[in-house]
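In what follows, a single structure is set out as structure tokens and then discussed.
Computed from a prediction, not measured in an experiment: that's the story for all the values here.
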Amino acid sequence: MKGTMFALQSGQSATIGRATSNRIVVSDDICSRNHCEIRFEGGRWKLRDSGSRNGTRVNGEPIVGDLILSEGRLFQIGNSQICFSFSRGIFNEDESCDFKEADTESEIPVSTDDSEVTEATVEGELRPEIVHRTGTTRYSRTDSNAVSSRDRDGQEAQRLVRLGLRMGAAIDICSLSQIVLDGLFEVTSADIGAVLLLPLDMVGHSAAPNQLELVAYKSLDSRPFERTSDYLSGVVLETRVAVVAQDVNANDRFKSSDSLRAIRAESIVCAPIRSGNNLFGVIQLYSTNPDNRLDPEDSEYALAVADQMALALERVHERTRLAAGLARVETENQTLREQLQIETELIGDSDSIRKLRERILRIAPTGATVLIRGESGVGKELVARAIHEHSNRKAGPFVTMNCAALSESLLESELFGHEKGSFTGAIGRKIGKFEQSRMGTLFLDEVGEMSPAIQAKFLRVLEGHPFERVGGGSEVKVDVRVVAATNRDLERSVEQGQFRKDLYFRLQVMELLVEPLRDRKSDITILAKHFVERSAKKVGSSVTAISPAAISTLINYPWPGNVRELQNTIERAVILCMTDTVGVPDIQLSALGAGELKPVREVKSDGFRAVSLDLIEREQILATLAWTNWNKSQAAQVLGIERSTLDRKLKKYEVERPRH
């Protein structure tokens, strides 16, 4: 019978199994990765099965619970017979047994019936023999035997405290790691050392030795770094205990290891850098001096340093996260400021724009329903987008819907969705705007154009009630913030019964008024320069400026189409401009603004006609269409309404283009 004798140490357990992290590794496929465990407890050695697949057997029967080990006790795992003994005398002299020397009284011989147990290899490198493992240090224990004779005066403990203070002052991981190596070299027998850390996203997860990255390295004779002993690193990563390996260079079995031979290591200490459930990496120490080998006390000190380093690493990572968070907040604040002034195009320094920005910043985080009022083209959608971007829903969708663009039936389908077959052309289920904007913001433009039936359903949703898709029977409930906009006089619509009073009050939780451009002429110069720059980039033009005379022309124009008209005018001017500066000849203005708009109070009493508003509106639409030669898009721009709204009004007044 051939086998190997392993020595046990009182107070420590020995695991047996197929995994390389075990104290006793059995190369047998029948054996489980973690098969069983031997531990010293209550003054006795005990054996317990670790839930193995084939069991740990005595006399062919699987053991249950703890088995007390006595002299000569045999047990079987897989194809291996294991004998427990308090001395080597149990083996006959003619038996071949490789004894693993240890300073202890208890020994366990391990043998197999059909083959000799030999050292396994990892990627061609023989595994160094681990002679000591420790998961705690004498510095963390309070018993009287905790302090060794080497540390009786507490010198190492004092050095550990001073080293901890230096580690706490480190500002980055590299300097921290170098401080750790310097401190270890002062106390231990190491002449080569390295700190290898896992990537931050691997901390707290299972990791392999090849994922370790070198952060710091030190060698007393300035030899280059050699990546060695991935086996020991793997054991430490898996067991989270410090290990000591000795006789590495002297043992012929390890001379085939190129890395260990190159480094000429006589002994190795590998300690985990751990804190709670987090494992940051390992510290590797090597001694090339056969007369001054690393020992278990070195491993305890290295583990104590590694534990302090883990705490320091957490502080460094926390400082890094805080710095990154602060930078992110500063960037976000800058971005928000830019969004208000650039992305949302709420540009200007007039009192009305400044007050509008302030109200947006106050209203946006509240989640309240907002009604935006103002003429067509003033930028109501941009205000709505600014509200969304400054709210706690900015990560959600921002969905827009023009309520005047569709008929009643199609508007209901667009807002609430429909089921397959609910009407002709409904070939499948459609998700409406409310569902699309779930956890986000729904912007409803021209909300005053909703029909009474849609208004009723819309009101229920605003009040938090679920709704049904068109043709559906199941209720749909969504969490949506509604921002509405209109250029209509809703108060008059309420008085005329065209708009529900309860819906009016529900929308008017918070109200924002965007003044027309003609009432804030001081913003025209700023807006014009901004649109010149943006339009030049858009069309690839070399235009860089706008002349003072052109600015004066823009200021003297009443801008019936507001900011939208100004933007289009500037873009057209940039395209037409033949130099690098937009001049007066490049500015093409609408004839509608040729004269200043007169306020109502200037209308003379002798020009009064007792006619309805509808008649006046019809006449104005016809006059504008005649002036634009029935160009509906241009007429809608002059009238300050959407093209779809103009079409609807033409249908309402039964107006058709005259045939010539």
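- Under the 3.5 Å distance criterion, the side-chain polar atoms of D191 are matched with a main-chain donor or acceptor of T288.
- For the residue pair N278 and S275, no side-chain donor N or O sits within less than 3.5 Å of a side-chain acceptor on the partner.
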From CA spacing to verdict: side-chain contact (heavy atoms from CB on, under 4.5 Å), V180, M167: CA-CA 7 Å; V180 167; M167 284 192 279; 3.4 Å; yes

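- None of L74, L8, L67 except one satisfies the side chain to side chain contact (heavy atoms under 4.5 Å, CB included) rule with F84; the exception is L8.
- Within 6.0 Å of atom CZ in R44, 12 or fewer heavy atoms from other residues, nucleotides or ligands are found, so the atom counts as exposed in its surroundings.
- No side-chain heavy atom of T441 sits less than 4.5 Å from a side-chain heavy atom of V399.
- A donor-acceptor pair is defined here as one N or O able to donate and one able to accept, closer than 3.5 Å; no such pair exists between the side chain of E435 and the backbone of G417.
- Of the candidates V241, V243, V244, S299 forms a side chain to side chain contact (heavy atoms under 4.5 Å, CB included) with just one, namely V244.
- With no hydrogens or angles considered, no side-chain donor-acceptor pair links T188 and D298 at under 3.5 Å.
- The main-chain N or O of A208 is found under 3.5 Å from a side-chain atom of Q211 such that the two form a donor-acceptor pair.
- Using a 4.0 Å cut-off between charged nitrogen and carboxylate oxygen, R18 and D28 do not count as a salt-bridge pair.
- Minimum heavy-atom separation, L160 to A304: CD2-CB, 3.8 Å.
- Other residues, nucleotides and ligands contribute at most 12 non-hydrogen atoms within 6.0 Å of the CG atom of N277.
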Verdict with reasoning, D307 to R274, per salt bridge (charged side-chain N to carboxylate O under 4.0 Å, His left out): CA-CA 6 Å; D307 287 345; R274 63 194 183 173; 3.0 Å; yes

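- Neither side chain, N289 nor S287, offers a donor N or O lying under 3.5 Å from an acceptor on the other.
- Defined by atom type and a distance below 3.5 Å, a donor-acceptor pair is present between the side-chain atoms of Q284 and S233.
- When atom types are taken as modelled, the side chain of N54 and the backbone of I30 share a donor-acceptor pair closer than 3.5 angstrom.
- Side-chain contact check for H390 versus I363: every heavy-atom pair is 4.5 Å or farther apart.
- Under the 4.0 Å criterion applied to side-chain N and carboxylate O atoms, R438 and D479 are not assigned as salt-bridge partners.
- Within the structure, salt bridge (Lys or Arg N to Asp or Glu O under 4.0 Å) pairs that include any residue of residues 50-66 comprise R39-D66, R48-D66 (at least two apart or interchain).
- With F40 as the aromatic partner, K46 does not meet the cation-pi criteria of under 6.0 angstrom to the ring centre and within 45 degrees of the ring axis.
- Of the N and O atoms on the side chains of E37 and S50, not one donor lies less than 3.5 Å from an acceptor on the other residue.
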side-chain contact (heavy atoms from CB on, under 4.5 Å) between N34 and T15, worked out: CA-CA 7 Å; N34 299 294; T15 57; 5.6 Å; no

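- In this structure, F434 and F416 have parallel ring planes: the angle between them is below the 30° cut-off, well short of the 60° mark.
- At least one side-chain heavy atom of L294 sits under 4.5 Å from a side-chain heavy atom of L285.
- Here the CE-CG distance, from M202 to L197, works out to 13.0 Å after rounding to the nearest 0.5 Å.
- Using cut-offs of 30° and 60° for the angle between ring planes, the H388 and F398 rings count as tilted.
- The shortest non-hydrogen separation linking S52 to H35 is OG-NE2, 3.3 Å.
- Closest approach of P365 to L361, counting heavy atoms only: CD-O, 3.2 Å.
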